[in-house]
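Report on the following structure.
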Amino acid sequence: MAMKKLYIGSLLGALLVHSLVVELAICSSNFTDQLALLSFKSSINFDPNNVLSNWTQETNFCGWAGVSCSRRSQRVTGLILRGMGLQGTISSRVGNLSFLQVLDLRNNSLHGHLTDEVGRLHYLTSLLLTNNMLEGGIPMDLHRCRMLRLIYLTKNNFNGSIPKELSTLPFLRYLALGENKLTGTIPLSFGNTSSLQRLVLQFNNIHGRIPTELGQLQNLQTISFTDNRLTGSITSCNF
Ligand SMILES: *[C@@H]1O[C@H](CO)[C@@H](O)[C@H](O)[C@H]1NC(C)=O
Ligand SMILES: *[C@@H]1O[C@H](CO)[C@@H](O)[C@H](O)[C@H]1NC(C)=O
Ligand SMILES: *[C@@H]1O[C@H](CO)[C@@H](O)[C@H](O)[C@H]1NC(C)=O
Ligand SMILES: *[C@@H]1O[C@H](CO)[C@@H](O)[C@H](O)[C@H]1NC(C)=O
Ligand SMILES: *[C@@H]1O[C@H](CO)[C@@H](O)[C@H](O)[C@H]1NC(C)=O
Ligand SMILES: *[C@@H]1O[C@H](CO)[C@@H](O)[C@H](O)[C@H]1NC(C)=O
């Protein structure tokens with residue numbers, strides 16, 4: 001009898017430990033997302049429409065303006081704050097939103113660098129930052145976001161050259177880098193980005209030859225190159 005009680009006792013103990021571990025795991029995962037969002041908020045120094053005013057710890061972050069979450073695991077999958085007049089920088093902690101799929105901060109006044117931590121967003125499909133004042137290089141680590149389909153960085157102050165690693169993204173459809181301060185040449189390897197539909201590079205300072213390799217891209221519909229220092233032409237039945 002005593003043996004049986006002992007057995008049940010230790011079984012209950014094991015169950016308690018087990019559920020505690022599960023709970024800790026759940027808490028730590030969504031706590032990371034909450035911290036990342038609060039860090040995003042704290043690097044915004046002007047929010048004229050008070051969109052971030054309900055980003056407080058009193059409410060679940062999945063209900064915060066502009067935030068969407070996966071229903072089951074309550075992880076952040078979308079951060080969408082378009083045209084809100086936000087001023088400030090993009091916190092590198094955004095790279096901790098491990099399940100983020102869409103980052104859409106178009107039409108704001110964000111400045112500073114887009115840091116390499118963005119490369120940790122392995123589920124990111126859409127990086128939409130058109131029309132801000134972001135500067136510095138396009139992060140090299142962006143090619144680690146293997147799910148990326150849309151990269152919209154048009155109308156910022158990005159400089160340096162186009163990372164050739166971006167050409168290895170297997171699903172990349174739109175690469176819009178127009179109206180920045182990009183230099184260097186168009187990497188030849190983009191001739192291998194077979195998923196590419198649109199390549200927008202106008203109003204930069206890109207020079208050199210337009211790679212004839214781009215003519216191999218079966219899905220390419222639009223290329224815009226105007227106002228760069230490019231030479232050559234593309235000869236292919238696709239154009
Ligand atoms: C974390 O997840 C748990 C369980 O789903 C939930 O009860 C809790 O409110 C969440 N915490 C935050 C800060 O959202
Ligand atoms: C926060 O604000 C947004 C937009 O105004 C609203 O849709 C959302 O329900 C609010 N969330 C909470 C928790 O009050
Ligand atoms: C989040 O990101 C920052 C900087 O990118 C890092 O220092 C920190 O350890 C990360 N993890 C958590 C759980 O916040
Ligand atoms: C951004 O602003 C421009 C000009 O005001 C507008 O034409 C465009 O539709 C806006 N884009 C988004 C995604 O809000
Ligand atoms: C890009 O701009 C930054 C300032 O934002 C500057 O420090 C850096 O040297 C520039 N890089 C290139 C390659 O022009
Ligand atoms: C394109 O891919 C082929 C086959 O993988 C490879 O041999 C070639 O070097 C690549 N071209 C460039 C410019 O990267």
Side-chain angles (χ1 to χ4, degrees), residues 24-43 48-49 51 55 57 61 65-66 73-76 78-100 102-142 144-145 149-166 174 176-187 198 200-201 203-208 228-229:
L24 277 176
I26 289 170
C27 279
S28 76
S29 63
N30 62 14
F31 192 59
T32 304
D33 282 5
Q34 189 191 51
L35 273 181
L37 290 172
L38 288 174
S39 178
F40 173 84
K41 180 183 180 178
S42 68
S43 62
N49 300 300
V51 276
W55 284 36
Q57 290 181 56
F61 57 81
S73 56
Q74 297 280 290
R75 301 300 304 264
V76 175
L79 179 54
I80 302 175
L81 293 165
R82 270 197 305 264
M84 298 298 183
L86 300 178
Q87 289 179 21
T89 59
I90 301 177
S91 165
S92 62
R93 286 232 169 174
V94 163
N96 287 348
L97 295 171
S98 321
F99 289 83
L100 195 65
V102 178
L103 181 61
D104 186 354
L105 303 173
R106 284 177 283 184
N107 284 4
N108 283 292
S109 300
L110 302 170
H111 66 275
H113 291 219
L114 183 63
T115 57
D116 266 333
E117 279 83 358
V118 76
R120 292 162 55 188
L121 301 172
H122 297 302
Y123 293 104
L124 194 66
T125 64
S126 309
L127 178 65
L128 311 173
L129 301 174
T130 307
N131 207 5
N132 278 286
M133 298 180 305
L134 299 167
E135 61 185 319
I138 296 173
M140 200 82 86
D141 279 358
L142 205 51
R144 297 189 194 280
C145 311
R149 284 152 171 76
L150 310 178
I151 301 180
Y152 290 5
L153 303 179
T154 300
K155 287 193 187 167
N156 278 288
N157 295 319
F158 285 109
N159 66 0
S161 51
I162 305 170
K164 66 172 188 302
E165 292 81 1
L166 294 183
Y174 289 13
L177 306 176
E179 297 172 66
N180 279 291
K181 295 175 175 166
L182 298 172
T183 52
T185 58
I186 303 174
R198 232 177 242 194
V200 179
L201 302 174
F203 299 103
N204 277 294
N205 217 352
I206 297 164
H207 69 276
N228 277 293
R229 291 181 293 131

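If you read the sequence from its start, that first residue is 1, and numbering goes on from there. One-based numbering, in listed order, for ligands and for the atoms of each. Reckoned from all heavy atoms, side chains included, excluding hydrogens, waters and symmetry mates.
- Per-atom contact check: atom 4 (C) of ligand 4 does not touch the protein, criterion being a heavy-atom distance below 4.0 Å.
- In this structure, CZ in R75 is found 10.0 Å from OH in Y123, a value given to the nearest 0.5 Å.
- Among all non-hydrogen protein atoms, the one lying nearest atom 13 (C) of ligand 5 is G160 CA, 3.9 Å.
- Across R82 and D104, no two heavy atoms sit closer than the pair NH1-OD2, 2.7 Å.
- In K164, the NZ atom is not crowded: 12 or fewer heavy atoms of neighbouring residues, nucleotides or ligands sit closer than 6.0 Å.
- Residue contact check: E135 has heavy atoms under 4.0 Å from atoms 4 (C), 5 (O) of ligand 5.
- In the model, S39 has a side-chain atom that pairs as donor or acceptor with a side-chain atom of S91 under 3.5 Å.
- Within a 4.0 Å radius of atom 9 (O) of ligand 5, the protein contributes no heavy atom.
- In summary, the atoms of ligand 3 found under 4.0 Å from a heavy atom of E117, numbered by their order in the structure, are 5 (O).
- Considering backbone and side-chain atoms together, N131 places no N or O closer than 3.5 Å to any N or O of ligand 4.
- Distance from atom 7 (O) of ligand 3 to its nearest protein heavy atom, with residue and atom name: R93 NH2, 4.3 Å.
- In summary, the atoms of ligand 5 found under 4.0 Å from a heavy atom of N159, numbered by their order in the structure, are 1 (C), 2 (O), 3 (C), 8 (C), 10 (C), 11 (N), 12 (C), 14 (O).
- Contact annotation: the side chain of R120 approaches that of N96 to within less than 4.5 Å [non-hydrogen atoms, C-beta and beyond].
- Contact between N131 and N156 at its shortest, heavy atoms only, is N-ND2, 4.0 Å.
- Of the candidates N107, L105, T130, it is N107 that places a heavy atom closest to atom 14 (O) of ligand 4.
- The closest heavy-atom contact to atom 2 (O) of ligand 3, among the options T115, L35, N96, D116, comes from N96.
- Using a 4.5 Å cut-off on side-chain heavy atoms (C-beta onward), F158 and N204 make no contact.
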